Amino acid sequence: MTHNIFALMRERVVAALRTVLPDLPEEALARVEVTPTREAAHGDMATNAALVVAKQARRKPAEIAAALVAALAGDDQVATAEAAGPGFVNLRLHPAAWLAQVPAVLLAGEAYGAGTAGQGVRVNVEYVSANPTGPMHVGHCRGAVVGDVLANLMAKAGFEVTKEYYINDAGNQVTALAWATYWRYLQALGTTLSEEEFSGQVPGGLQYRGDYLVEIGTELAALHGEALAAPGVQVGAPADWMDTVRDFTLARMMDAIREDLDLLGVRHDVFSSERALAEAGAAGVTIELLRGAGLIYEGVLEPPKGKAPEDWEPREQTLFRATEFGDDVDRPLRKSDGSATYFANDIAYHADKMRRGADVMIDVLGADHGGYVSRMTAAVKALSAAANAPCTLEVVLCQMVKVLKDGEPVRMSKRAGTYITLRDLLEEVGRDAVRFTMLTRKSDAQMEFDIAAAVAQTRENPVFYVQYAHARCRSVLRAAGEMLGAAALTPQDLAQADLGGLTHEADLALIRRMASWPRVVESAALAREPHRIAFFLYDLAADFHMLWNRGRDDAALRFLRAEHPAETRARVALVAAAATVIRSGLAVMGVTPVEEMR
């Protein structure tokens, strides 16, 4: 049974529509929606039913709306139904319909809001996937939170979700990282080389110079002594040390990344290795799969836009017919030396996710990967066609975050050398404030994270405002326990409370907001927009705080009145339900609800 009152009312609207238009085909009803009205004065909800079926019914929307209003007049949940606009019908429900949502919340507990919209579709959400070449930074943080909460949200909406991290542990950047660690190893042994002298011996120069590699270099020195160095603690032949240093460094960097993610409350189900796929020949297998489907050819590309022909050296390449699937140019899959391109490896990785059973793949990426979307989407379409395995790719882009303190940019981390690390931020404001604040704007919008604002105890700080609402709920429930006894506060007992006295508009506004939670879960999951959860919780907190403040002025709205036990029990049930919905939302966000503010 669904707790989504909007879904339940849609069923009633569709049933009423069938009485008005009995010959209407089933597919015509698919677009019927019941949604909250934009203004409370227009009612509790509105339906577009008359508008969306008018064409197939060959009747004017206004005529169908009028007939639908008449059909809904006998519905025991509907207080009023009124035609509006070009074919909408506004509905106002009887208060009893809303009051019934309170025991539904109490009996469902934090599972309230869970739905079946996902229908068990298998979704792979890949997020973070930071290169293991340095500490996690604030840019990674936003994608980590967005991806994690999106995965939680989709699981609550009924999708079968896998959380995945793709380790970029192959290629030139990893070789450069090994050289940088090797320098710290030589330093730990007391080499006489200067940093610049060492850099001159590194292909492409020394790239990663942050202090975070000092500890790893020291560990290598303790493990291997001078065995990896040339006599005199000089630079040895890479063949003698590269594999050892690279593998050790990658393991330590991934340990550090996992530790940082754990501090943020992010835990992945699967870690996939680019290097392991490459060594297994996954790119070659995938290229041959596409070749077998006629999607690979040997050809010469036109010069890139803006590049003069004389600066372009045309050569025959192994090309993927990306333009057949919506990309703006066909893409090379082999380098001049015959090895796979980065794009070919990426295609192979997505083919691997498909092989493991994903129906939908969602990649959460930084906004600087915007140009990657069309080519990878084309590749997944091609893979789906070639393997006869329907699968789609969606990309969620996250803009970078600028960190401020009292309006001023925060200084860079000494440890990382060039940016603010995730650990710096977590130590400054705490996990819950970071996670919540990262979702106070849509992921593709620019964001400024003000450290002072994130810990301020004001209404303008959403995480404080929501946590304060939950803490207030808990304080009421503790006092109610002393007044009524703990046995009277079980969800089963409170669900039996007579709620007939909850007739004030502030009561009903809070209940209507709580009752919209299942719909918010479904709509946010389907739209892939986890920030909607933060917005919902802020609005729910505002409704609760408003009711709390009304009780100061109107004794009848106070939660605890010893002389009125029945009314007290009803209001305690309402408070317990509000706390339950707040916890349900915070659980999706990975934020711990507080019992009291300190």
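Just so you know, these numbers come straight off a predicted model, no measurement behind them.
Residues passing the salt bridge (charged side-chain N to carboxylate O under 4.0 Å, His left out) test with Glu274: none are found, sequence neighbours excluded. For Arg355, the salt bridge (charged side-chain N to carboxylate O under 4.0 Å, His left out) partners are Asp352, not counting sequence neighbours. Partners of Arg474 by salt bridge (charged side-chain N to carboxylate O under 4.0 Å, His left out), not counting sequence neighbours, listed by chain and number: Glu595. A search for salt bridge (charged side-chain N to carboxylate O under 4.0 Å, His left out) contacts involving Glu226 returns nothing, not counting sequence neighbours.
With respect to the salt-bridge test (charged N to carboxylate O, under 4.0 angstrom), the residues Asp247 and Arg275 qualify. A salt bridge links Glu195 with Arg209: the distance from a Lys NZ or Arg NE/NH1/NH2 to an Asp or Glu carboxylate oxygen falls below 4.0 Å. Between Arg375 and Asp327 no salt bridge is recorded (no basic side-chain N to carboxylate O distance below 4.0 Å). The residues Arg291 and Glu298 are annotated as salt-bridged, a charged nitrogen and a carboxylate oxygen being separated by less than 4.0 angstrom.
The aromatic ring centroids of Tyr538 and Phe535 lie 6.0 Å or more from each other.
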**Prompt:** Between Arg441 and Phe449, does a side chain to side chain contact (heavy atoms under 4.5 Å, CB included) hold up when you go through it step by step?
**Reply:** CA-CA 11 Å; Arg441 299 203 69 182; Phe449 188 111; over 6 Å; no
**Message:** Quick one, Lys381 with Glu324, criterion side chain to side chain contact (heavy atoms under 4.5 Å, CB included). Give me CA distance, side-chain angles, the key distance, then yes/no.
**Reply:** CA-CA 10 Å; Lys381 287 178 182 177; Glu324 293 187 13; over 6 Å; no
List the atom pairs, donor and acceptor, that lie under 3.5 Å between side-chain atoms in residues 232-245 and the rest of the protein, sequence neighbours left out.
{"from": "Gln234", "atom 1": "NE2", "to": "Gly232", "atom 2": "O", "distance (Å)": "3.1"}
{"from": "Trp241", "atom 1": "NE1", "to": "Gly236", "atom 2": "O", "distance (Å)": "3.0"}
{"from": "Trp241", "atom 1": "NE1", "to": "Ala237", "atom 2": "O", "distance (Å)": "3.4"}
{"from": "Asp243", "atom 1": "OD1", "to": "Arg246", "atom 2": "NH2", "distance (Å)": "3.1"}

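Side-chain N/O atoms of Asp269 and Thr162 include no donor and acceptor closer than 3.5 Å. Between Tyr127 and Asp363, the side chains place no donor N or O within less than 3.5 Å of an acceptor N or O (distance only, hydrogens not considered). No hydrogens or angles considered: a donor-acceptor pair under 3.5 Å links the side chains of Gln173 and Asn131. No hydrogens or angles considered: nothing links the side chains of Asn124 and Lys163 as a donor-acceptor pair under 3.5 Å.
Under the 3.5 Å distance criterion, the side-chain polar atoms of Arg142 are left unmatched by any main-chain donor or acceptor of Cys398. With hydrogens and angles ignored, the 3.5 Å screen pairs a side-chain donor or acceptor of Ser384 with a backbone N or O of Cys391. Judged by distance alone, with hydrogens and angles left aside, the side-chain atoms of His140 form a donor-acceptor pair with the main-chain N or O of His137 at under 3.5 Å. One N or O on the side chain of Arg435 and one on the backbone of Leu264 form a donor-acceptor pair closer than 3.5 Å.
Contact annotation: the side chain of Asp148 never approaches that of Arg267 to less than 4.5 Å [non-hydrogen atoms, C-beta and beyond]. Side-chain contact between Glu394 and Val360 is present, with heavy atoms from C-beta onward closer than 4.5 Å. You'll find the side chain of Met376 reaches within 4.5 Å of the side chain of Leu393, heavy atoms only. The closest side-chain heavy-atom distance from Val146 to Glu529 is not below 4.5 Å. When side chains are defined from C-beta on, His531 does not count as touching Ser443, because their heavy atoms never get closer than 4.5 Å.
Between Tyr182 and Trp179, the ring planes are perpendicular. Angles over 60° get that label, and only those under 30° would be called parallel. Taking the six-membered ring for Trp and thresholds of 30 and 60 degrees, Tyr468 and Phe464 have nearly parallel ring planes, at less than 30 degrees apart.
Within the structure, every pair that satisfies the ring pair (Phe, Tyr, Trp, His ring centres under 6.0 Å) test and touches residues 341-365, not counting sequence neighbours, is listed here: Tyr166-Tyr349.
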